[in-house]
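In listed order, ligands and their atoms are each counted from 1.
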Amino acid sequence: MCGEEHYTKDADGLCTRLIKPKLMEGTVAAQDEFSRSGWALNRKELKLLQTIGKGEFGDVMVGDYRGNKVAVKCIKNDATAQAFIAEASVMTQLRHNNLVQLLGVIVEERGSLYIVTEYMAKGSLVDYLRSRGRTVLGGDCLLKFSLDVCEAMEYLENNNFVHRDLAARNVLVSDDNIAKVSDFGLTKEASSIQDTGKLPVKWTSPEAIREKRFSTKSDVWSYGILLWEIYSFGRVPYPRIPLKEVVPRVEKGYKMDAPDGCPPVVYDLMKQCWTLDSVVRPSFHMLRDKLQHIRAKELYL
Ligand code: AMP
């Protein structure tokens with residue numbers, strides 16, 4: 001091996017490419033790992049100011065780090081911290097203007113974990129869309145959000161990362177109205193196997209539900225649902241269809257109607273994302289190209 005745990009081996013035992021530092025077991029070991037990679041922050045310099053959100057496993061707080069407003073995900077429980085250490089370690093490898101940027105991590109000896117990210121002043125995209133609605137948000141805004149997310153996803157596609165939980169609730173909006181993809185909790189390198197314990201059924205592609213086949217193309221399916229959320233100003237997908245009927249109907253080829261006022265060119269992209277055969281679905285690269293064309297030609301008006 002090449003002397004470092006940062007390398008992976010192919011079938012012949014040869015070094016192939018840099019993937020990610022393999023985290024040692026336990027939060028103390030993780031602290032060492034983050035210190036060595038330069039991602040550990042100093043707890044004394046972080047002021048926690050107020051709670052701004054409740055995640056599944058801990059509070060999200062607004063804080064101040066060296067005079068900068070930051071968001072802090074606080075995880076008190078040691079077992080849960082382990083899962084979030086994985087989330088943070090994924091985030092250390094990714095950098096793009098449309099991904100919520102990790103600033104650093106604090107692992108305390110008592111087992112608490114703080115994940116510090118850039119502060120996204122306008123909150124989650126789904127709440128943003130619902131609270132502003134169509135009277136405030138024009139077609140140019142909706143297309144810009146769609147493009148922002150698509151660019152982040154094209155970056156993940158190029159880097160072989162699969163998000164697996166892409167939805168408007170996991171996109172945040174910055175003070176200057178840039179949409180950024182967040183919540184890398186489930187993000188794995190494309191080859192990883194995972195369990196399908198708690199799937200957001202309405203956002204997950206049929207092959208991912210059926211055979212746990214998560215891929216960039218299953219993210220493309222979710223992106224189609226996210227486009228529908230954007231153009232319906234944050235409605236819950238598959239309105240009026242009971243949850244247990246969604247999968248069987250989708251597998252038979254059912255597709256949601258276009259949201260009111262949605263430009264036909266954008267609805268056409270949604271339907272392409274919902275192609276049952278994952279191979280035939282467009283790539284994020286293709287989607288970004290088409291969205292840019294729609295913007296340049298003002299086909300969204
Ligand atoms: P999460 O646990 O990541 O789903 O976050 C729960 C809620 O906390 C989100 O819906 C947001 O309202 C808020 N939140 C999370 N991260 C940030 C951030 N970086 N900036 C501002 N608010 C955030």
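- Using a 30° and 60° split on the angle between ring planes, Trp221 and Trp274 fall in the tilted class, from 30° to 60°.
- The contact set between ligand 1 and Thr117, taken as ligand atoms under 4.0 Å from a residue heavy atom, comprises 19 (N).
- The shortest non-hydrogen separation linking Ser182 to Val100 is CB-CG2, 3.6 Å.
- At a 4.0 Å cut-off, not a single heavy atom of Arg169 sits close enough to ligand 1 to count as contact.
- Judged purely by atom type and a 3.5 angstrom limit, Glu118 uses its side chain to pair as donor or acceptor with the backbone of Gln101.
- Under the 4.5 Å side-chain criterion, counting only non-hydrogen atoms from C-beta, Asn98 is in contact with Ile178.
- Using a 4.5 Å heavy-atom cutoff, the side chains of Arg132 and Cys141 are not in contact.
- For ligand 1, the polar-atom distance check finds an N/O of Asp183 within less than 3.5 Å of one of the ligand's N/O atoms.
- Residue Asn170 places no N or O, backbone or side chain, under 3.5 Å from any N or O of ligand 1.
- In the vicinity of Lys73, heavy-atom distances shorter than 4.0 Å reach the ligand 1 atoms 2 (O), 3 (O).
- Ligand 1 has no N or O atom lying under 3.5 Å from any N or O atom of Ser124, backbone or side chain.
- With a heavy-atom cut-off of 4.0 Å, Val62 does not touch ligand 1 at all.
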Compile the donor-acceptor pairs under 3.5 Å between side chains in residues 293-301 and protein atoms, sequence neighbours left out, one pair per line.
none

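- Each salt bridge (charged side-chain N to carboxylate O under 4.0 Å, His left out) pair with one or both residues in residues 257-283, not counting sequence neighbours, appears once here: Glu207-Arg281.
- Between the choices Val60, Asp59, Val116, the shortest heavy-atom distance to atom 13 (C) of ligand 1 belongs to Val60.
- Between Met120 and ligand 1, an N or O atom pair is found at a separation short of 3.5 Å.
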